[in-house]
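Read through the structure below, which is laid out as structure tokens, and then see the notes.
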Amino acid sequence: MEEPARHYWNTIGAAKEFTHPMDLSWLEGISRDSRILDYGCGYGRIAGQLADAGFGRITGVDVSAALIERGRAARPGLDLRVQADPPRLAAASGSVDVAVLFAVLTCVPADRDQRALVTELDRVLAPGGLVHLSDLLLQSDERNLRRYAGGSPYGVFTTGDGAVCRHHAAEHLRGLFPGYAVVTERRVTVATMNRNSAEALQLLVRKPGSADV
Ligand SMILES: C[S@@+](CC[C@H](N)C(=O)[O-])C[C@H]1O[C@@H](n2cnc3c(N)ncnc32)[C@H](O)[C@@H]1O
């Protein structure tokens, strides 16, 4: 990952509030013993919600030591770890039942970096495992259309406080996990970390193969 990006998430980004909502009913039938990886967990917001819902085997990883520190201070019981060399994960192949990827792709603008992240998640995910992702869609309002102008790929822009972000076509997000089956999806309106309103897509997709999740 680029050093300016890590710097952003260790400074300005470390004070942000993240808001993409998780509909826990999507995980209703899933064993509370499932091994869950919250990739790009920030301060452990989603990991905490999953723990409150009874899941007992959650690991959160994030590139930002500052965000991990914030999460550990707020919820000392959570297993939150700094990811030194993203997208590389310490987890063994096939050792994760459910991967959560909430508002992370928006911070990984390049296609090749997104593909590398997806490849690493696919490596650690068990056959039949689930990926639950939430990310920002291309917006149609004037402010965003101005921000997209000149960005490559289309939808990449720099926020006023220096984060390089990406908004995505729905087909791009659906196509990121080829061969995976879409279990369910929905569109939601979220508050961005800079408190603007934006449309997001949430997907639950399943890796081919049988599983106990
Ligand atoms: C918008 S926040 C979302 C945090 C959390 N998933 C949530 O929804 O509460 C994006 C997170 O992705 C992390 N991140 C940024 N770039 C990353 C990268 N290249 N690889 C992994 N994580 C990254 C940031 O440190 C930040 O915690």
Side-chain angles (χ1 to χ4, degrees), residues 1-24 26-27 36-53 58-75 78-91 96 98-121 123-124 131-137 156-159 161-168 173 176 188-198 200-204:
M1 114 179 264
E2 308 278 336
E3 265 325 300
R6 192 191 290 274
H7 179 73
Y8 177 88
W9 291 108
N10 271 320
T11 53
I12 297 169
K16 303 278 183 186
E17 293 300 317
F18 309 131
T19 66
H20 288 222
M22 176 175 274
D23 183 346
L24 284 163
W26 285 17
L27 303 181
I36 300 182
L37 173 71
D38 184 1
Y39 187 101
C41 65
Y43 51 88
R45 178 181 70 93
I46 296 285
Q49 289 175 17
L50 291 168
D52 292 343
I58 310 154
T59 300
V61 297
D62 200 282
V63 293
S64 165
L67 277 163
I68 292 294
E69 198 44 52
R70 178 176 159 194
R72 285 180 182 151
R75 293 275 303 242
L78 290 178
D79 178 7
L80 304 179
R81 305 177 188 187
V82 179
Q83 195 181 5
D85 183 24
R88 204 174 61 76
L89 293 163
V96 169
V98 181
V100 173
L101 189 64
F102 263 47
V104 179
L105 294 168
T106 188
C107 318
V108 182
D111 280 332
R112 68 167 187 286
D113 294 336
Q114 291 195 354
R115 276 196 299 272
L117 190 165
V118 165
T119 300
E120 182 65 348
L121 282 186
R123 180 186 71 77
V124 299
V131 179
H132 188 356
L133 83 80
S134 180
D135 223 290
L136 292 164
L137 291 165
V156 174
F157 59 92
T158 303
T159 62
D161 62 7
V164 181
C165 293
R166 178 173 180 178
H167 291 171
H168 310 84
L173 295 174
L176 274 173
V188 287
T189 303
V190 300
T192 69
M193 61 185 188
N194 290 327
R195 302 190 183 170
N196 295 301
S197 178
L201 183 69
Q202 302 198 313
L203 285 167
L204 187 67

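On a predicted model such as this, the values are computed, not experimentally measured, just so you know. In each ligand, atom 1 is the first atom listed, and ligand 1 is the first ligand listed.
- Put simply, no part of R6 is less than 4.0 Å from ligand 1, judged by heavy atoms.
- Here the protein heavy atom with the shortest distance to atom 16 (N) of ligand 1 is M1 CE, 3.5 Å.
- Here the straight-line distance linking atom CG of D52 with atom CZ of R75 works out to 4.5 Å at 0.5 Å rounding.
- Of the N or O atoms in F102, one or more lie within a sub-3.5 Å distance of an N or O in ligand 1.
- V131 places none of its side-chain heavy atoms less than 4.5 Å from the side chain of L176.
- The closest side-chain heavy-atom distance from L89 to R123 is below 4.5 Å.
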Between L67 and K16, is the side-chain contact (heavy atoms from CB on, under 4.5 Å) condition met? List the steps. CA-CA 9 Å; L67 277 163; K16 303 278 183 186; over 6 Å; no
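- For the atom pair CG of D113 and CG of L117, the computed distance is 8.5 Å after rounding to the nearest 0.5 Å.
- To the nearest 0.5 angstrom, D135 atom CG is 7.5 Å from C107 atom SG.
- The ligand atoms of ligand 1 that sit less than 4.0 angstrom from a heavy atom of F18 are 1 (C), 2 (S), 3 (C), 4 (C), 7 (C), 9 (O).
- To the nearest 0.5 Å, the span separating CD on Q202 from CG on L137 amounts to 10.0 Å.
- Considering only heavy atoms from C-beta on, V100 comes within 4.5 Å of I36 through its side chain.
- Closest to atom 15 (C) of ligand 1, if we only count protein heavy atoms, is W9 NE1, 3.4 Å.
- Expressed to the nearest 0.5 Å, how far CZ of R45 lies from CG of L50 amounts to 10.0 Å.
- Counting heavy atoms closer than 4.0 Å to ligand 1, residue Q83 contributes side-chain atoms (C-beta onward) but none from N, CA, C or O.
- Considering backbone and side-chain N/O of R45, one or more are found under 3.5 Å from N/O of ligand 1.
- Ligand 1 has Y39 within reach: a non-hydrogen atom of the residue lies less than 4.0 Å from it.
- Across the listed options L101, I68, D62, D62 owns the non-hydrogen atom lying nearest to atom 27 (O) of ligand 1.
- What sits closest to atom 23 (C) of ligand 1 on the protein, heavy atoms only, is V63 CG2, 3.7 Å.
- Here the protein heavy atom with the shortest distance to atom 5 (C) of ligand 1 is G40 O, 3.2 Å.
- Set against the non-hydrogen atoms of P86, the atoms of ligand 1 under 4.0 Å away are 20 (N).
- Between V108 and ligand 1, not a single N/O pair is under 3.5 Å apart.
- At least one heavy atom of C41 sits closer than 4.0 Å to an atom of ligand 1.
- Those atoms of ligand 1 with a heavy atom of C107 less than 4.0 angstrom away are 10 (C), 15 (C), 16 (N).
- Regarding atom 10 (C) of ligand 1, its nearest protein heavy-atom neighbour is A103 O, 3.2 Å.
- Taking OH of Y8 as the reference point, atom CG of D161 lies at 3.5 Å (rounded to 0.5 Å).
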